[in-house]
Number of protein chains: 2
Amino acid sequence: MTSTDEIRTMQGQIAEYLRLDILSGRLEPDQALREQEISERFGVSRGPVREVFRQLTQQGLLVSTPNKGVRVAQQPSPSMRPLIIELRQRIELYVLDRFFDQITKDDIVNLEGILTDIKDACRKGDKSTLVEHDLRFHKAIIESHENGDYIALWQPIALRMSIRYSRFGDDLMDSFYEHKRILDAIRSRDKAGAMEALKANIQ
Amino acid sequence: MTSTDEIRTMQGQIAEYLRLDILSGRLEPDQALREQEISERFGVSRGPVREVFRQLTQQGLLVSTPNKGVRVAQQPSPSMRPLIIELRQRIELYVLDRFFDQITKDDIVNLEGILTDIKDACRKGDKSTLVEHDLRFHKAIIESHENGDYIALWQPIALRMSIRYSRFGDDLMDSFYEHKRILDAIRSRDKAGAMEALKANIQ
DNA sequence: TAGTGGTCTAGACCACAGT
DNA sequence: CTGTGGTCTAGACCACTAT
């Protein structure tokens, strides 16, 4: 799942490629992906492709139907979206509330780096890259302590929420400002402010 | 995931075997599972075993560490449990609230069958079988309509909550009564009662 | 019936962990 | 170093879908 893994193995390269195609909208929702076509395109056997399909299905970017293969996932239905937003807020706020004092200087440096990537993506108007770094930012907050495997709860929810969805129009900079506000509050050890800013960013 | 699949393929047999070993406590938490040992025991190659490990890891029954393989999952930490319970309640109550009117006679017949299995498991004092049917009951409620893929959100949460945990002591019959109360309310089209009974059962 | 996915085999090589 | 996991290959067979 790390970016180094993603360039070292065939799986990582294929997964990275397909993920960007899906998040950027180059692949239409509901479009079928055939194992054989992908494996030929990348010059590998079916094994790695199947493994990538499994990963992306688990993350909610593909939808698998028995004996019919995988299709590109659609946005969550309007009836599901309020639930997904609420669940994601609950998880992230819960973790931030419980482990706020365990956030270290190193964690903050890490978040600053991600925030820079977010700023770059916003300036370039690159929505799919912004989604990647946006998710990295929130993942880093959840992982900034040792206890428990909250990521396993968070990931299937957060990724489904991100499919072809953005609250921001052409000016993506608002996304940067929202994340900057979160980080500023963390840096000044303002727990209530951080939670408020985090909640406002998950909509 | 259906029981017919589970007996037809090697994967299904291995998954069923390991799942029962884990849920029943025959395998100690934190115990390492080696691919080679399992594949030799079932007389298959590493492929199916790796696939089963992936499935059980996704379900939260195993924990995977890079280059170190899988271990039997421990109970969620005490700090995580309140969150897990809350998330599971939110999902199930949300679905029941939205789709209560779509529950058909067939769905109720299905739930009645599962309730019978729950009663049998309670009478026998068979905790691991009870866990299986308990989860089947809730899964059937969530799936008793066509819209959306709520199961993908629910499963990682519900299974983690069930690892080696029971609110009931030696007398498991209370579990049966709780589920009977849910089904009775559904049958009499009492939405508020069903939601209350469902919430009380998720603790 | 032809195509595709689902499953499985029996090898292989490399990276990393523990000794 | 040795063992194990992570990855990949190049086949194979069956079940199911689509036509």
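Below, read A as the first sequence line, B as the second, and so on, with proteins coming before strands; counting in each chain starts at 1. Model, not experiment: these values are computed from the prediction.
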Touch class at under 4.0 angstrom, heavy-atom based, for A/Arg46 against every strand present:
base
Regarding the side chain of A/Ser45, the nearest nucleotide among D/dT4, D/dC8, C/dC8 is D/dC8
Of D/dT9, C/dG6, C/dA17, the nucleotide closest to the side chain of A/Asn67 is C/dG6
Rounded to whole Å, the CD-C1' distance (A/Gln36 to D/dT17) equals 16 Å
Separation of D/dT7 atom P from B/Phe53 atom CZ, nearest Å, is 15 Å
Looking only at C/dT7, D/dG5, C/dT4, the nucleotide nearest the B/Thr9 side chain is C/dT7
TODO: Give a yes or no on whether the backbone of B/Arg71 and the side-chain of B/Gln31 come within a donor-acceptor separation of less than 3.5 Å.
DONE: no
When rounded to whole Å, the CE to C1' distance for the pair B/Met10 and D/dA15 reads 18 Å
Would you tell me whether A/His133 and A/Asp120 have side-chain atoms, one donor and one acceptor, within less than 3.5 Å of each other? no
Rounded to whole Å, the CD-C1' distance (A/Gln11 to C/dC14) equals 14 Å
From CD of A/Glu35 across to P of C/dT7 the rounded distance in Å is 10 Å
- request: Would you mind classifying the nucleic acid contact of A/Glu51 as base, sugar-phosphate or nothing, using non-hydrogen atoms under 4.0 angstrom?
  value: nothing
Examine distances only and state if a side-chain atom of B/Thr65 and a backbone atom of B/Lys68 form a donor-acceptor pair shorter than 3.5 Å.
-> no
Atom CZ of B/Phe42 and atom P of C/dT9 are separated, to the nearest Å, by 13 Å
Ranking C/dG5, D/dG6, C/dC8 by distance to the side chain of B/Arg50, first place goes to D/dG6
Rounded to whole Å, CD of B/Gln55 lies from C1' of C/dG6 at a distance of 12 Å
Quick one: is the NZ or CZ of A/Arg81 closer than 6.0 Å to the six-membered ring centre of A/Tyr165, and within 45° of its axis?
yes
Closest of C/dG18, D/dT7, D/dA12 to the B/Lys68 side chain is C/dG18
Report task. Say whether B/Tyr94 and B/Arg98, considering side chains only, have a donor N or O and an acceptor N or O under 3.5 Å apart. Result -> yes
Taken to the nearest whole Å, CD1/B/Ile38 to C1'/D/dG5 is 14 Å
